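Everything on this sheet refers to the single structure shown next.
Read the numbers this way: they start at 1 and go in the same order the structure lists the ligands and their atoms. Residue numbers run from 1 in the order of the sequence given. Hydrogens, waters and symmetry mates play no part in the numbers below; they use all other heavy atoms, side chains included. Note that the structure is a prediction, hence the values are computed from the model and not measured.
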Amino acid sequence: MLFPKSFLPLLPVFIASLVGVVNAAGVVTHDENFIPDAILHITEGQQKQSCVPTKNIILVNGTSPGPELKFKEGETVWIRVFNDIPDQNLTMVSSLSPRPCANCPSPLYEFPHTCFFESENHWHGLTMATAPFSDGTPQAAQWPVPPNHYFDYQLHVPIGMAGTYFYHSHIIETGRPPYAYDGERFLFLQDNFPDNDTVIEHALLAQPMAYEKAQTMILVNGKGGGLTSEGTVCNESLSVINVQPGKTYRMRLIGGTSLAFVSLAIEDHKNLQVIEADASYTDIHSTEFMQVAPGQRYSFLLETQSHPAKQQYFIQLETRDFGPPTRSYAVLNYVNGYNSSTGPFYPPATPPLTLPPTDTYFLDYVLCPLSHPEYSATDVFPTAEEVTRRVNITFHLDITGNGGLVYLINNYTWNEGLVQQPYLVSLYENNGLEWPSMERALQNDGLDPVIYAFPAAIGEVLEIVVQGTGSANGGMESHPWHAHGAHYWDLGGGDGVYNQAENEAKWAYSTGKPVKRDTTMIYSFQGQTGIGQLMGWRAWRLRITEPGVWMIHCHLLPHMVWGMQTAWVMGNSTEVLGRVPRPEVEGYLTYGGSVVGNATHPAQPVDYFPYSVWGTGGAGGGQ
Ligand SMILES: *[C@@H]1O[C@H](CO)[C@@H](O)[C@H](O)[C@H]1NC(C)=O
Ligand SMILES: *[C@@H]1O[C@H](CO)[C@@H](O)[C@H](O)[C@H]1NC(C)=O
Ligand SMILES: *[C@@H]1O[C@H](CO)[C@@H](O)[C@H](O)[C@H]1NC(C)=O
Ligand SMILES: *[C@@H]1O[C@H](CO)[C@@H](O)[C@H](O)[C@H]1NC(C)=O
Ligand SMILES: *[C@@H]1O[C@H](CO)[C@@H](O)[C@H](O)[C@H]1NC(C)=O
Ligand SMILES: *[C@@H]1O[C@H](CO)[C@@H](O)[C@H](O)[C@H]1NC(C)=O
Ligand SMILES: *[C@@H]1O[C@H](CO)[C@@H](O)[C@H](O)[C@H]1NC(C)=O
Ligand SMILES: *[C@@H]1O[C@H](CO)[C@@H](O)[C@H](O)[C@H]1NC(C)=O
Ligand SMILES: *[C@@H]1O[C@H](CO)[C@@H](O)[C@H](O)[C@H]1NC(C)=O
Ligand SMILES: [Cu+2]
């Protein structure tokens, strides 16, 4: 067991070793003798997805979704990502995608103003495992990768972090998963818009806002068919999930959509046994349907029938909350023997299932962290008494004078003139961007409005309450809130206003216990309230242990575009900048610096993990 059972006793050691790490993490030259653990080529290409006509989308190794990546716990890996898009910058983003940035006035500005909508590529949820400049958030942590260059991302997967992460099928294997199963299958969900990213982005940012179209439908592993948001029938061939009778499969359900909330069930297979939520193992919780929001991941065990009455069963998926209802399918295909069909299969004429309306408490207060010491969280759930500070993220959708849309956080909106560089770069350079002030933050519910960041000190135990308020017309939408930097203990959510004592009482009487998650929901509940009135909340607890610059944001891409995101600076300057000190950090501080490689220059990244407190884990260098 290389990974500490608890962060707390180790914390002083952690900080001391960070501060004392000078010259430890060395710059390495990845010349022609270097072999990355995985290679990905990002391109843009014309593709037809289901019933949406051919348009330009982002491809990973020529496909969407991209190829699967699998790593083992304890391993340190290098993933080389080539930006083969000739005229666009790229980052493996926090949110969803390999992100080409066509017209980004500044990296900070660019975040709410570009370039996504093709989803699949980032180190989603794998936050503690990324080296400081490998998290991928462009405005927070790093410059984008220039065209025709590559970047070597270093990831380390601590023991105890097994689970389903993002990047299409980017999973971490344990040597011994806590549940037995015969195989695993992916259900990677995407949504599919009639327009390309450039068109959508411009329309979202137009004054007045001009994007009114909904996602056409849901894709499962890149394919889909059924009922589109225009009300038309889309008769395209479906994804096929092959299974054997009488077996148990781990189904990995990944919410790779950019807007759609999805409800899903399987014909004649009513016992979906949830065992993992956002990479945290849970005790088994049985449900007849799943609900998955953008950014969320679940695993459930599916026991197949021993003597199936037929060979194909439909997996039925419907969108919820945004846009007109759509319906899509995949096929659970029993491969019973020599005469089994492998398709193609098409959508049924009538839906075999009736899916429930949105459950606004889906899996809340019922999941329990897996009660097995070897797989339980590495820190201990902080009680209400341990909380040292409450922070509010209070959001509000406003309509500008010209009809544009913008999200305010704690009454402030991002001022695009503020920073011309990624936060972390500015903090190193100390050129104009001072360290966020806790004094100012305490006067604004946790936000320093001058720097537009939430500061936190290492060792604090925060209760973060994300609160929705009625928009400029009193409306309230659903939002999946996602945190980088660490998984938080999820305290549930509800209608109205958060009340800690009431919520504690609710936990005391519920069957569940808080689980460590990274993407959880604020639902729209009644969908309407007074303008500015609090309505809908989600509460988290978090021990601040990871120095760095991290994002916490809504995972709906249009909402991110409208500013529904927050930057967090955790730790003081010694702690944050000490992770990779000068002079090693130099190559990261300029756009196109020595850290990126190209045809004539090898990449020279910092080899961060061999020297880190996480231990060398795997091979410490990759191979
Ligand atoms: C992506 O393509 C490259 C080059 O063709 C190949 O070397 C690499 O293995 C592929 N990556 C994956 C994950 O399949
Ligand atoms: C996106 O679509 C618009 C309108 O069809 C087109 O003018 C533009 O060239 C497309 N952009 C890309 C990158 O494909
Ligand atoms: C890429 O990003 C750099 C740094 O922000 C910027 O100067 C450049 O114009 C961008 N290039 C493109 C094609 O967007
Ligand atoms: C869908 O297309 C398939 C293959 O062309 C065809 O066999 C099937 O009858 C079609 N279904 C409907 C409802 O049109
Ligand atoms: C296919 O095989 C099953 C037994 O596995 C048998 O019951 C069925 O009749 C076969 N179907 C055809 C079309 O041969
Ligand atoms: C935001 O502004 C409203 C109205 O001016 C005020 O009532 C509220 O207290 C403010 N919230 C914060 C977090 O400052
Ligand atoms: C957070 O919001 C609640 C509800 O509006 C308010 O009572 C509280 O004062 C706010 N600030 C803090 C630091 O809790
Ligand atoms: C940051 O905090 C550490 C630990 O408390 C302390 O040793 C160090 O001096 C602090 N650095 C700054 C710049 O305040
Ligand atoms: C390759 O990288 C080197 C070093 O960053 C740079 O000087 C050179 O211009 C780059 N070549 C191309 C074709 O971009
Ligand atoms: Cu949102």
Answer yes or no: is there an ion pair linking R541 with E504, defined by an N-O contact shorter than 4.0 Å? yes

Under 4.0 Å to a heavy atom of D87 - the qualifying atoms of ligand 3, by number: 13 (C)

One thing to verify: whether D490 and R517 come together as a salt bridge, which I'm taking to mean a side-chain N less than 4.0 angstrom from a carboxylate O. no

Verify the ring-centre separation between H396 and Y407: is it less than 6.0 angstrom? no

Of the side chain and backbone of V391, name the one, both, or neither that has a heavy atom under 4.0 Å from an atom of ligand 7. neither

Any idea which atoms of ligand 4 are less than 4.0 Å away from a heavy-atom of N235? 1 (C), 2 (O), 3 (C), 8 (C), 10 (C), 11 (N), 12 (C), 14 (O)

Of all the atoms in ligand 7, which lie at a distance below 4.0 Å from a heavy atom belonging to D445? 1 (C), 10 (C), 11 (N), 12 (C), 13 (C)

Output field: ring centroids Y313/Y334 closer than 6.0 Å: yes

Any Q467 heavy atom less than 4.0 Å from ligand 7: yes

Give the residue and atom name of whichever protein heavy atom lies nearest to atom 5 (O) of ligand 7, and the separation in Å to one decimal. L534 CD1, 3.2 Å

What do you think, any protein heavy atom under 4.0 angstrom from atom 14 (O) of ligand 4? yes

Is there at least one protein heavy-atom neighbour under 4.0 Å from atom 9 (O) of ligand 7? no

Would atom 2 (O) of ligand 7 count as contacted, meaning some protein heavy atom under 4.0 Å? yes

Are the ring centres of F395 and H479 closer than 6.0 Å? yes

Protein heavy atom at shortest distance from atom 7 (O) of ligand 4: Y346 CD1, 4.7 Å

Salt-bridge contact R390-E463 (side-chain N to carboxylate O under 4.0 Å): no

Atom 6 (C) of ligand 7 sits nearest the protein heavy atom N392 ND2, 4.2 Å

Any ion pair linking K506 and E502 (charged N to carboxylate O, less than 4.0 Å)? no

Residues E44 and K55 bridged, charged N to O under 4.0 Å: no

